[in-house]
Amino acid sequence: MSTLAATKEVSTGATSAPRVDFKLEVVIVPVSDIDRAKAFYTGLGWRLDADFVNGDAFRVVQFTPPGSLGSIHFGKGLTAAAPGSQNLYLVVSDIEAARAMLIARGADVSEVFHRAAVGGPAIAGVDPERRTYNSFATFRDPDGNSWLLQEVTTRLPGRVDSGDTTYGSADELEAALLRAATAHGEHEKRDGGRHNVNWPAWYAEYMVAERAGTPLPR
């Protein structure tokens, strides 16, 4: 069989196969003191899902950040990575509120900063235009594993399935509703100030489009 024929066969098979989702579930965070790390993440208000021990050689602790579909593991017998060597991202809908909440729970969080361009130098303060993906803050756990907070309010096209309207928390849903309400107010102004009796449908269309990163209704 030629290489071209083999390629076509694999391609055809892949096309006809049913779709299977591959969802990132857990990331391992290397720590030196399990109980100290457990106390830290408990203090942040993260959900403790499990603490399983098997003799002296194995222990796994799982935490999930509020509103997250993915979790973290740390413990004993999980990884050979050096404690403090992990760098992770947390997406938040409001960078300033998230920073304030973490500080209130004892985390040492940096000042908010932004970047004028991707890969550019850090500039103090939130992005002046409050562009999505563009405002950040950082903190570390007791071992030095770093967490980068990134404010995301609208996803880039193709980043979220068009049918995914899941919100991680009541606060996140409230923020999305407020953005939809503001945009709908502008829509009514452009329509001569007339009340839109179909506003629930307009809100729904706006929130789904914002979530999926597709063109927003006007």
Side-chain angles (χ1 to χ4, degrees), residues 20-110 112 132-133 135-155 159-161 163-179 207-208 210-212:
V20 177
D21 291 336
F22 291 82
K23 298 182 179 180
L24 183 62
E25 185 79 7
V26 173
V27 175
I28 295 177
V29 177
V31 304
S32 60
D33 187 321
I34 301 170
D35 290 322
R36 181 180 65 176
K38 183 177 178 180
F40 175 78
Y41 288 106
T42 296
L44 295 186
W46 294 17
R47 187 183 71 226
L48 174 63
D49 299 318
D51 187 348
F52 298 136
V53 179
N54 186 355
D56 295 329
F58 184 85
R59 181 180 176 186
V60 58
V61 181
Q62 176 173 310
F63 276 94
T64 302
S68 176
L69 296 179
S71 306
I72 62 168
H73 278 178
F74 56 83
K76 189 175 184 180
L78 301 179
T79 179
S85 60
Q86 186 63 278
N87 300 293
L88 297 163
Y89 275 49
L90 285 172
V91 166
V92 298
S93 57
D94 186 324
I95 192 74
E96 294 175 309
R99 178 177 182 271
M101 185 181 75
L102 287 169
I103 290 174
R105 291 183 172 275
D108 184 10
V109 188
S110 74
V112 176
T132 188
Y133 293 100
S135 297
F136 310 89
T138 63
F139 70 95
R140 294 181 181 273
D141 72 7
D143 280 283
N145 294 297
S146 67
W147 292 89
L148 177 73
L149 304 178
Q150 182 178 34
E151 184 177 81
V152 176
T153 52
T154 303
R155 293 284 181 176
R159 295 296 180 91
V160 177
D161 290 339
D164 182 4
T165 54
T166 302
Y167 293 90
S169 67
D171 288 342
E172 188 178 347
L173 176 58
E174 179 184 358
L177 284 166
L178 287 172
R179 291 193 298 273
M207 292 170 71
V208 169
E210 182 187 58
R211 215 48 195 162

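Please read these numbers as outputs of a predicted model, since none were measured by experiment.
Residues meeting the side chain to side chain contact (heavy atoms under 4.5 Å, CB included) test with F22, sequence neighbours left out: V20. Looking at residues two or more places apart in sequence or on another chain, you find a side chain to side chain contact (heavy atoms under 4.5 Å, CB included) between I28 and H73, L78, T79. Taking the salt bridge (Lys or Arg N to Asp or Glu O under 4.0 Å) definition, one finds that D56 meets it with nothing, sequence neighbours left out. In terms of the salt bridge (Lys or Arg N to Asp or Glu O under 4.0 Å) criterion, residue partners of E96 (sequence neighbours excluded) are, by chain and number, R130. With sequence neighbours left out, the salt bridge (Lys or Arg N to Asp or Glu O under 4.0 Å) criterion links R140 to no other residue. With sequence neighbours left out, the side chain to side chain donor-acceptor pair (under 3.5 Å) criterion links T138 to S110.
Between A98 and V92, the closest heavy-atom pair is CB-CG1, 3.8 Å. Of all non-hydrogen atoms in A82 and P30, the two that sit nearest each other are O-CG, 3.3 Å. The two residues V152 and Y133 come nearest to each other via the heavy atoms CG2-CD2, 3.7 Å.
Residues in residues 90-110 take part in no ring pair (Phe, Tyr, Trp, His ring centres under 6.0 Å) pair, two or more places apart or across chains. Applying the side chain to side chain donor-acceptor pair (under 3.5 Å) test to residues at least two apart or on different chains, the pairs with a partner in residues 26-35 are S32-R36, S32-D143, D35-R59. Among pairs with a residue in residues 84-94, those fulfilling side chain to side chain donor-acceptor pair (under 3.5 Å) read N87-S146, at least two apart in sequence or across chains. Sorted by first then second residue, the salt bridge (charged side-chain N to carboxylate O under 4.0 Å, His left out) pairs that include residues 72-88, not counting sequence neighbours, number zero.
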Could you go through residues 37-47 and list every donor-acceptor pair under 3.5 Å that involves a side-chain atom there, pairing it with any protein atom two or more places apart or in another chain?
unit_1: K38; atom_1: NZ; unit_2: D51; atom_2: OD2; d: 2.8
unit_1: Y41; atom_1: OH; unit_2: D141; atom_2: OD2; d: 2.8
unit_1: Y41; atom_1: OH; unit_2: W147; atom_2: NE1; d: 3.0
unit_1: T42; atom_1: OG1; unit_2: K38; atom_2: O; d: 2.7
unit_1: R47; atom_1: NE; unit_2: D49; atom_2: OD1; d: 2.5
unit_1: R47; atom_1: NH2; unit_2: D49; atom_2: OD1; d: 3.2
unit_1: R47; atom_1: NH2; unit_2: T64; atom_2: OG1; d: 3.3

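Side chain of E151 to backbone of I95: a donor-acceptor contact under 3.5 angstrom is found.
Residues V31 and N145 have side chains in contact (heavy-atom distance under 4.5 Å, counting atoms from C-beta outward). A heavy-atom distance below 4.5 Å is found between the side chains of R179 and T153.
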